[in-house]
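First the structure, in the form of structure tokens, and then the observations on it.
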2 protein chains.
Amino acid sequence: MTEATTGVTRNTRQRAEVLALLREVEGFHSAQQLHQMLVHRKARVGLTTVYRTLQMLVDTGELDSTRLPGGEQLYRRCSQSRHHHHLVCRECGRTVEVAGPAVERWADQVASQHGFTDVGHTLEVFGTCGTCAA
Amino acid sequence: MTEATTGVTRNTRQRAEVLALLREVEGFHSAQQLHQMLVHRKARVGLTTVYRTLQMLVDTGELDSTRLPGGEQLYRRCSQSRHHHHLVCRECGRTVEVAGPAVERWADQVASQHGFTDVGHTLEVFGTCGTCAA
DNA sequence: CCGCCCATCGAAAGCCATTGTCACTAAGCG
DNA sequence: CGCTTAGTGACAATGGCTTTCGATGGGCGG
């Protein structure tokens, strides 16, 4: 367990490479995809490190992540924008970002009503988009 | 892929066993858990068949399913009760079922605003319950 | 009532994203 | 410049799920 360490975080080349890549790409990508990109640009970074770095960035809130139905996790550089959810098309995978302040409030409220603290939530909306329905 | 077959669906002992089990248990269970239960009650059903049957039932809308953060898929017999969500304790796993009509409406509304139809959603709320927080 | 065809089974092998292991490397303090 | 220790990465392992393919048996035609 990450005990209350000294909080030391070293600046490593690998970390910089991952961050640099994330700054260049748009939208969601899987850890594996990102690792492939790094390999292509000859940045020697191990897959394990990519996973660790991404995980770390998600924990510190610098990255946003979703999970595909199938278990694969996707990451993207943190929303200039605030917290939001995804509306995903079952057919083509098209994704729309939607904000739902009401939902956030509802979740917090319901949780505290039951004595829960440190509340978080997962919310994904699925459907068939107009194009695919036609 | 299940092509437009003749629609033939045989009644097999295995299928009946799975259905019978589902009628007895409450709430969500993973395919593996259900398979274990079947083994315990000496119902000879293969894991593969459990997966296939569950998948089939989800497709025909007779089962409801969610996915845990981690990729594991859970199934439950289609809501005799109305639709609801789960408030889960991160520490002890205690689960409270909560209804959120507002959320349902919000999801449908947001989806249709973006031209999506046949809308569904996943929502799980996580937190630390009062007992564990103490 | 009997046979046959094909839907269904299921054990084992495969798949694949992710996590664990552990010896090795290098960041940065003194 | 050493030394401590965070960080790295090749490889193995995990685990849920899917595929494979020969065996089984449901149920209809005869």
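To find a chain, count down the sequence lines: A is the first, B the second, and so on, and within it residues start at 1. Values below: all heavy atoms of this structure, side chains included; hydrogens, waters and symmetry mates excluded. A quick note: this is a predicted structure, and the numbers were derived from the prediction, not measured.
In this structure, A:Val50 is a member of the same hydrophobic cluster as A:Leu19, with clusters built from ILVMFWY side-chain heavy atoms closer than 4.5 Å.
Taking atom NE2 of residue B:His35 and atom P of nucleotide D:dT18, one finds them 15 Å apart after rounding to whole Å. A straight line from CG of B:Leu38 to P of C:dG10 spans 10 Å, rounded to a whole angstrom. Residue B:Leu34 contributes atom CG, which lies 15 Å from atom C1' of D:dC17 at whole-angstrom precision. Following rounding to the nearest Å, B:Gln33 (CD) and D:dG15 (P) show an atom-to-atom distance of 14 Å. Here D:dT24 presents its C1' atom at 14 Å from CZ of B:Arg44, a figure rounded to the nearest Å.
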Protein within reach of the bases, or only the backbone? For nucleotides 19-29 of chain C, mark each nucleotide 5' to 3' as B, S or -, using heavy atoms under 4.0 Å. BB-----BBS-
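Considering only side-chain N and O atoms, B:Gln14 lies under 4.0 angstrom from the phosphate OP1 or OP2 of C:dG10. Residue A:Gln32 places none of its side-chain N or O atoms closer than 4.0 Å to OP1 or OP2 of C:dC16.
Applying the side chain to side chain donor-acceptor pair (under 3.5 Å) test to A:Gln32 and every residue at least two apart in sequence or in another chain returns A:Tyr51.
Between B:Glu24 and B:Arg41 there is a salt bridge, with a side-chain nitrogen of the basic residue lying less than 4.0 Å from a carboxylate oxygen of the acidic one. Between A:Arg77 and A:Glu26 there is a salt bridge, since at least one side-chain N of the basic residue sits less than 4.0 Å from a carboxylate O of the acidic one.
In the displayed structure, B:Arg44 atom CZ is contacted under 6.0 Å by at most 12 heavy atoms of other residues, nucleotides or ligands.
Within 4.0 Å (heavy atoms only), B:Glu72 reaches sugar-phosphate atoms of the nucleic acid but no base atom.
Ring geometry, B:His121 versus B:His85: the interplanar angle falls from 30° to 60°, so the pair is classed tilted.
Contact between A:Val119 and A:Ala111 at its shortest, heavy atoms only, is CG2-CB, 3.4 Å.
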Tabulate protein N/O versus nucleotide N/O from nucleotides 1-3 of chain D, keeping only pairs under 3.5 Å, one per line.
none

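Side chains of A:Gln73 and A:Ser65: a donor-acceptor N/O pair is present below 3.5 angstrom, by distance only.
Taking the six-membered ring for Trp and the full ring otherwise, A:His86 and A:Phe126 have centroids separated by 6.0 Å or more.
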